[in-house]
Amino acid sequence: MAKNQSDYFQAKHPWSETKDDLLACYLTPFFTKVYRPSRNGILYIDAFAGAGLFADGSKGSPLIALSKYFAIAKKNRSKTPIQFILSESNAESRKHLESTFNEAKGASGYIKPPIIVSSCEDAIRRAQQTSVCGGGKPSTVFYYIDPFGVKDLRLDLLTNSPNMAHTEALVNFNSFGLFRVACAAMKVPLSLPNEVELPEDDFNELTKASVWVERLNACIGSGDWKEVVVRYKAGKIDAWQAEHALSELFCNNARSYYKYVTNMPIKDMSKRVNVGGLVKYRMIHMTNSPDGCVLMNDNMIKRNLDRQCKQLGLFAVDVDGRNVETAVIAAKASDFVQHMPVHQNMKMGDIAATLISECGVFDRSNTILKTYVGPMIEEGVLERAVKFTLKGKPKKSFALKDEVYRAR
Ligand SMILES: C[S@@+](CC[C@H](N)C(=O)[O-])C[C@H]1O[C@@H](n2cnc3c(N)ncnc32)[C@H](O)[C@@H]1O
């Protein structure tokens, strides 16, 4: 069913609150982590920025980010400059955004006057040319990409930041929207269940299929989406499986540019109750930092438990409700360790981030380390770099910064 978005900024839907919580709760540890090391400043791009404030007074994504930054800056005497680049295509929303953002920003000099433009492409282009301070490339870059559908989403927008090693992205990926366009492009009939609502302006039936093929390739980063449609047409997978497969494709393509990619469905919990809610879209996080991956994983686990789990089942499941394959994860952990150089220290967080990126979001990082790294320490395959606490007791912690090395 097509959904008109004209009332979007009246009040937030419960699933939009889940999405906003995911961003808000990540930005506090993220800004804390990058604040001091970012000597050349931070560049924050919100490419589908919206109106700033909703009619009911709740904060939209740019004001959420600004308030989180203020809170961290307040705790630090020396100030790290930040440049916000915001884009919003709707002229009225853009005007509202400009006034609400500037009012919230106030006179603070370390928060540069925002660059506000009308298209996401322009925002990304400006980001590639903007230095925050000192004339050099920004120390840290964060993209927040929150479109209504997939029309303006392109993976390549996120692969050319001025400092890829220190870039993170959080993307709203409308996998059902993408599936609908993919079926139309290949002239495969699709009847989605009525409860699936898709943005109405995302898809124009008159547009030539060849144009959509090009757009889809750019959106997802390859042409592999066609195989998903072929499998759907042959009855080998259903629409729900196709939605999941397309999001996995996008994540895999993103892994060519970002070492760690995680993915969490955002659900309407009032629908499809018997299968754990209706997937509205997915939030996909990309980073080259193991700490960033682990922080987002723990954030996703918490948001999912708080807002998307009505009851805990008998078996451990990941954020997608799929059974956790402990033997597969243990084999991946063992394989990772076998490829570590002997006697070279590695942070436990690096091992956790690799397992999360490869196996999905299924547990808190601390529990992952206890479950999969703990036995390898007991067997003597891994040894702790620091074996005793300051009080002389054997170290037993599984903190991200704890180091281990391969002993044999
Ligand atoms: C889902 S809303 C974003 C909501 C926002 N992140 C918030 O939390 O308030 C998507 C926004 O993107 C805008 N938009 C659509 N196409 C755009 C484009 N090509 N460039 C920039 N903004 C666009 C829409 O007008 C809409 O306000």
Side-chain angles (χ1 to χ4, degrees), residues 2-27 44-69 84-104 114-128 142-158 168-178 181 197-204 207 211 215 218-219 266 268 279-285 303:
K3 172 135 177 46
N4 186 312
Q5 303 289 351
S6 57
D7 61 352
Y8 183 83
F9 292 107
Q10 290 306 308
K12 290 184 189 179
H13 294 295
W15 55 91
S16 305
E17 285 172 0
T18 309
K19 172 186 71 176
D20 288 355
D21 270 6
L22 194 73
L23 174 71
C25 295
Y26 182 68
L27 287 181
Y44 187 101
I45 302 108
D46 188 332
F48 297 83
L53 276 181
F54 282 62
D56 66 357
S58 50
K59 289 187 178 102
S61 53
L63 293 195
I64 291 174
L66 182 63
S67 68
K68 294 294 170 189
Y69 199 71
F84 283 88
I85 300 183
L86 312 172
S87 60
E88 171 51 49
S89 60
N90 180 289
E92 205 179 315
S93 297
R94 197 166 58 248
K95 209 167 148 210
H96 202 243
L97 169 69
E98 190 162 4
S99 65
T100 50
F101 192 91
N102 280 320
E103 190 181 327
I115 297 171
I116 301 183
V117 295
S118 61
S119 81
C120 57
E121 275 100 348
D122 202 11
I124 302 291
R125 194 175 44 76
R126 294 290 285 270
Q128 283 155 3
F142 190 94
Y143 295 111
Y144 185 59
I145 305 289
D146 181 25
F148 280 136
V150 288
K151 185 164 60 80
D152 295 307
L153 180 64
R154 284 186 1 227
L155 181 60
D156 69 355
L157 293 177
L158 304 172
E168 300 203 3
L170 183 59
V171 180
N172 173 338
F173 184 74
N174 194 319
S175 30
F176 268 122
L178 191 107
V181 181
E197 286 178 342
L198 297 167
E200 75 176 2
D201 69 345
D202 210 29
F203 176 53
N204 177 351
T207 309
V211 175
R215 291 260 195 101
C219 173
I266 301 292
D268 176 352
V279 176
K280 299 291 292 182
Y281 41 77
R282 287 168 180 277
M283 294 305 284
I284 294 177
H285 178 244
R303 284 337 111 207

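Since we're looking at a predicted model, the values are computed, not measured. Numbering of ligands and ligand atoms starts at 1, following listing order.
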**Asked** Under a 4.5 Å cut-off applied to non-hydrogen side-chain atoms, are Met283 and Asn172 in contact?
**Response**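 Yes, at least one pair of side-chain atoms sits under 4.5 Å.
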**Message:** Quick one, His96 and Leu53 - any side-chain contact, counting heavy atoms below 4.5 Å?
**Reply:**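 Yes, at least one pair of side-chain atoms sits under 4.5 Å.
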**Item:** Main-chain N/O of Gly50 paired with Asn90 side-chain donor or acceptor, under 3.5 Å
**Value:** no
As a test of reading the model: which N/O atoms of the protein lie under 3.5 Å from N/O atoms of ligand 1, and at what distance?
unit_1, atom_1, unit_2, atom_2, d
ligand 1, 6 (N), Phe48, O, 3.2
ligand 1, 6 (N), Ser61, OG, 2.8
ligand 1, 6 (N), Asp146, OD2, 2.7
ligand 1, 8 (O), Ser61, N, 2.9
ligand 1, 8 (O), Ser61, OG, 3.2
ligand 1, 14 (N), Ser89, OG, 3.2
ligand 1, 16 (N), Asp152, OD2, 3.4
ligand 1, 19 (N), Asp152, OD2, 3.3
ligand 1, 20 (N), Cys120, N, 3.0
ligand 1, 22 (N), Ser89, N, 3.2
ligand 1, 25 (O), Glu88, OE2, 2.6
ligand 1, 27 (O), Glu88, OE1, 2.7
ligand 1, 27 (O), Glu88, OE2, 3.2

**Message:** Taking the six-membered ring for Trp, are Tyr281 and Phe173 closer than 6.0 Å centroid to centroid?
**Reply:**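 No: the rings miss the under 6.0 Å criterion.
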**Message:** Does the plane of the ring in Phe142 sit parallel, tilted or perpendicular to the ring in Tyr44? Use 30° and 60° as the thresholds.
**Reply:**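 Ring orientation, 0 to 90° scale: parallel.
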**Request:** Assess Lys59 against Phe54: is NZ or CZ under 6.0 Å from the centre of the six-membered ring, and within 45 degrees of the ring's axis?
**Result:** no
